[in-house]
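Taking it in order: structure first as structure tokens, then the write-up.
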Amino acid sequence: MAEYTWPAAGDRLHIGKHISRLDGPVKATGRAKYAYDVNRRGMLWAIMVQCPHAHARITSIDASAAEAMDGVVKVHVIQDVGTEIQWAHDEIVAVAATSEEVARDGAAAVKIEYEVLSHFVNERAVDEAPDAQPAQAETTGDPAAAMASAPTKSSGSYHVAQIAHCSLESHGQVAEWQDEENVTLWASTQAISGVASQLGEQIGIPASNVHVETQYMGGGFGSKFSVDRWGVVCAQIARDTGRPVKLMLDRDQEVTVAGARPSTHAEVSTAADADGNVVAWDSKSWGSGGPAGANSPPLPYVFAFDNQTHAHTSVPTNTGPARAWRAPRHPQACLVTMRALEDLAHAAGMDPLDFFLKNIDKTGERAGTYTEELEKGAELMGWRDRWRPRGSATGTVRSGLGLALHTWGGRGHRSNCEVLAYRDGLVEARIGSQDLGTGTRTIIALVLAETFGLGLEQVKVTMGRSVLPASGASGGSTTVGGVSGSTRRAALNAVDAVFERIAPRLGTEMANLELRNGQLHFKDGSMAAMPWRQAAALIGVNPVSATGANPGPGQLNDSGVGGIQMADVSVDMDTGVVSINRMVAVQDCGLILDMKLAESQVYGSLIMGVTYALTEERVFDPHTGQMLNADMEFYKLAGIEDVGEMIVHMMTGPGYDERGVIGLGEPPVIAPGAAIANAATNATGVPINEMPMTPERVLAAINGGMA
């Protein structure tokens, strides 16, 4: 009978190797089809009319001119007269037409009038916020007393701007009804099962009647869990017209309304004793992610001090609403905490590496792992030989080093898988998950092939459809643990089912059979090893089927990972430009199934971190409430010349592998900004406390002012 474990290190065929994504060739050649690539016969294009005001009430809608246009088939009112709009670019009307061009012309012809209301978009000015929601402080120990008696103190203000998700593929879908009760949605989504149930509930049909297809999608980063208003509208128009409808967001819509990471602003005071031990932490934070404000970042981050207090104020603003963005609230908390502690290390006259190691016990059960990671990172960065005290660099271009720590959960989500073994030797996994571009399809194939001892070319993965066995949404770094757990259990059960089917035909008991390296072996040695394809021929016409689920028996995955990152940057003191020389990331995530995919996740996170550290920011006009940079010209993303050298080291082996699989999507994106800010501070000799670290802000800090 199956033992629900991962193979021992010496027995692994694929696990831990550098395996390329199986879908790489179809993507590189353009054969992979995304939601935007779906064009159905007789399809209509839908374009949405958006409100230009940050806060307004709709007073009239006149769609007569649009309805009279040749090619316009349907004008659908999304929000009617009397509705109060809370952010600019909110959707009011959708126009569906026989071509995208006609739909745009029809949208332009819709006349909407508004009563413009007062708005608030500058959450930085918390004292002016009309609806600020302060929360009661959370306090441990006596921070005030500890602060008063400590010989070393530091204080500072730290700021992290709102940023957009910037998915390469915008939100949207194509909807087509097969009959009055069944609809297919080709959607760009992180949650095919969730979208099916959400749409079914909103349009009044069973979730089983909503068929969602997502074979390939171009990123979500936490913004694509919901069917969204535009998904419902698309399906409604398709039902009303009896024709397929495509509704995809434009790039400016993607940046303004499809999700954002909330801002965080914080004032922090810290104190240490004469030996460099942190004895007090006092922080006040505020921020916004739109009309709902923003939840408190977990401050202090990673560390827990004996004497600490934190209070947060949520600031609702008339900006597009926030959505989960890789490791929600953690990058903001990391910047605030790591910058504040680096400032305290400077006040204590200590190398921040020594300072963090001195206080590492305050990270709890991860202290030993963080110590190993910091020591490895220091080795890869050459920290001990290269670090210099803050402000000791000279010249026009000055270099510096910085570091930061991070943590995340990553436990596998609920997942179901069916494995089929066919008489021609093919083995198939069927699972209702989605691949966001991170390699989920490859992971499932790898686990399936590993279990049967086959090459990857001998297995098949069928996924990306809501009709398949349900698997959770791809978020929270839960996917790899969920799908690997369910696939491994289903595959082990399928091996047992194969043995049960073929053992009588081989004149033996199923307990006498085992699969090793793609061959069927008799444990008693009574018969020579048989190649898998020959053994599979005994299965017969009907394939063997078995299922597996996560959670389930055996310790296949776990929760709780962390890592450290170090940055080497140069700052031009005349221009304020921060350049990345080198980033070092040391990361643990339990058992690594595909080393190439794991390293790729970290490389991608470093690139994303460089981007939000240096350039990304949603900029709003306080007078109009409009976002001023809702395009890819002024909403800046890092290019290949901006990211510098990247060194990734994954923590593996004893102490790590036996934990099982833990997700990696989010943790390595948390620390880059904090590490870069600390490095820029070390280089310039002045606190660089704002993200993004634009040249204007860096120059203002150098010159002692505010940008």
Practice prompt. State, with a plain yes or no, whether a side-chain heavy atom of Gln236 is found less than 4.5 Å away from one of Ile203.
Written response: yes
Worksheet item: Going through the checks in order, is the side chain to side chain contact (heavy atoms under 4.5 Å, CB included) test met by Thr694 and Thr615?
Response: CA-CA 6 Å; Thr694 61; Thr615 63; over 6 Å; no
Worksheet, complete the sentence: What one should report as the nearest heavy-atom pair of Ala449 and Leu456 is CB-CD2, 3.9 Å
Discussion item. We want to know whether Thr462 and Glu428 form a side-chain donor-acceptor pair, criterion being a heavy-atom distance below 3.5 angstrom.
Written reply: yes
Item to complete: Would you confirm whether Gln458, through its side chain, and Leu426, through its main-chain N or O, come within 3.5 Å as a donor-acceptor pair?
Response: no
Worksheet item: More than 12 foreign heavy atoms under 6.0 Å from CD of Gln133: is that the case here?
Response: yes
Worksheet item: Which atoms form the tightest heavy-atom contact between Gly475 and Glu666, and what is the distance?
Response: C-OE1, 4.4 Å
Practice prompt. Sort out for me which residue in Thr189, Asp435, Thr479 forms a side chain to side chain donor-acceptor pair (under 3.5 Å) with Ser474.
Written response: Thr479
Response to the item:
Between Val643 and Ile580 the two heavy atoms that sit nearest each other are O-CG2, 3.4 Å
Fill in: side chain to side chain contact (heavy atoms under 4.5 Å, CB included) partner of Val210, chosen from Val227, Ile205, Val195
Ile205
Worksheet item: Do Thr98 and Val73 have side-chain heavy atoms sitting under 4.5 Å apart?
Response: yes
Practice prompt. May I ask you to decide if Ala490's main-chain N or O and Thr547's side chain share a donor-acceptor pair within less than 3.5 Å?
Written response: no
Worksheet item: If you take all heavy atoms of Met691 and Tyr612, which pair is closest and at what distance?
Response: CE-CE1, 3.6 Å
Item to complete: Indicate whether any N or O donor in one side chain lies under 3.5 Å from an N or O acceptor in the other, for Arg411 and Ser477.
Response: no
Worksheet item: Does any N or O in the side chain of Glu254 come within less than 3.5 Å of the main-chain N or O of Leu168, such that one atom is a donor and the other an acceptor?
Response: no
Worksheet entry | Electrostatic pair Arg229-Asp90, nearest N-O below 4.0 angstrom | yes
Discussion item. To check you understand the geometry: which heavy-atom pair defines the closest contact between Arg243 and Leu44, and what is its length?
Written reply: CZ-CD2, 3.4 Å
Worksheet item: Is there a side-chain contact between Tyr216 and Lys27, using heavy atoms and a 4.5 Å cut-off?
Response: yes
Worksheet item: Do side-chain atoms of Ser167 reach the backbone of Ser170 as a donor and acceptor pair under 3.5 angstrom?
Response: no
Discussion item. Checking His165 against Phe221 for the ring pair (Phe, Tyr, Trp, His ring centres under 6.0 Å) test, could you report, in this order, the C-alpha distance in whole Å, the side-chain angles of both residues, the deciding distance, and whether it holds?
Written reply: CA-CA 7 Å; His165 288 73; Phe221 315 116; 7.3 Å; no
Practice prompt. With sequence neighbours excluded, tell me which residues meet ring pair (Phe, Tyr, Trp, His ring centres under 6.0 Å) with Tyr422.
Written response: none
Item to complete: Please check if atom CZ in Arg465 has more than 12 non-hydrogen atoms from other residues, nucleotides or ligands closer than 6.0 Å.
Response: no
Worksheet item: Should we say atom CG of Asp179 is surrounded by more than 12 heavy atoms from elsewhere, each under 6.0 Å from it?
Response: yes
Fill in: Test item: Leu637 and Glu616 side chains (from C-beta on) under 4.5 Å apart, heavy atoms
yes
Practice prompt. Look only at the side chain of Glu169 and the backbone of Gly218, and say whether a donor-acceptor pair between them is shorter than 3.5 Å.
Written response: yes
Practice prompt. Show your working on side chain to side chain donor-acceptor pair (under 3.5 Å) between Ser263 and Glu123 and close with a plain yes or no.
Written response: CA-CA 8 Å; Ser263 62; Glu123 84 279 357; 2.6 Å; yes
Worksheet entry | Under 3.5 Å donor-acceptor, Asn629 side chain and Val619 backbone | yes
Worksheet item: Is there a side-chain contact between Asp240 and Ile237, using heavy atoms and a 4.5 Å cut-off?
Response: no
Worksheet item: Are the side chain of Asp131 and the backbone N or O of Pro316 linked by a donor-acceptor pair below 3.5 Å?
Response: no
Practice prompt. Mark yes or no for whether Gln434, through its side chain, and Gly464, through its backbone, hold a donor-acceptor pair below 3.5 Å.
Written response: no
Worksheet item: Between Glu113 and Lys111, is there a salt bridge with N-O shorter than 4.0 Å?
Response: no
Discussion item. Within the structure provided, determine whether Leu117 and Glu84 are in side-chain contact (heavy-atom separation under 4.5 Å).
Written reply: yes
Item to complete: Check step by step if side chain to side chain donor-acceptor pair (under 3.5 Å) holds for His55 and Ser118.
Response: CA-CA 6 Å; His55 191 198; Ser118 62; 4.8 Å; no
Worksheet item: Is the shortest side-chain N to carboxylate O distance from Arg323 to Asp228 below 4.0 Å?
Response: yes
Fill in: Lys/Arg N to Asp/Glu carboxylate O, Arg251 vs Asp631, below 4.0 Å
no
Worksheet item: Gln178 versus Thr184: any side-chain heavy-atom pair under 4.5 Å?
Response: yes
Worksheet entry | Heavy-atom donor-acceptor pair, Asn416 side chain to Ala470 backbone, under 3.5 Å | yes
Worksheet item: Has the side chain of Trp408 got a donor or acceptor atom that lies under 3.5 Å from a matching backbone atom of His330?
Response: no
Worksheet entry | Candidate pair Ile431 and Ser415, rule side chain to side chain contact (heavy atoms under 4.5 Å, CB included), full reasoning | CA-CA 8 Å; Ile431 185 168; Ser415 176; 3.5 Å; yes
Fill in: Residues Thr214, Trp186; criterion side chain to side chain contact (heavy atoms under 4.5 Å, CB included); working and verdict
CA-CA 6 Å; Thr214 305; Trp186 291 269; over 6 Å; no
Discussion item. Do the side chains of Asp250 and Arg104 get close enough for a salt bridge, i.e. N-O under 4.0 angstrom?
Written reply: yes
Item to complete: Answer whether the closest heavy-atom distance between the side chains of Ile58 and Ile61 falls below 4.5 Å.
Response: yes
Worksheet entry | Geometric cation-pi criterion, Lys246 with Tyr36: 6.0 Å, 45° | yes
Discussion item. Around atom CZ of Arg239, are there more than 12 heavy atoms from other residues, nucleotides or ligands closer than 6.0 Å?
Written reply: yes
Worksheet item: Does a side chain donor of either Gln50 or Gln253 reach within less than 3.5 Å of an acceptor in the other side chain?
Response: yes
Fill in: Nearest atoms (heavy-atom pairs only) where Ser600 meets Arg21
OG-NH2, 3.5 Å
Discussion item. Before you tell me yes or no, could you show the steps for Gln626 and His89 under side chain to side chain donor-acceptor pair (under 3.5 Å), namely the whole-Å CA-CA distance, both residues' side-chain angles and the distance that decides it to 0.1 Å?
Written reply: CA-CA 8 Å; Gln626 287 270 6; His89 301 287; 3.0 Å; yes
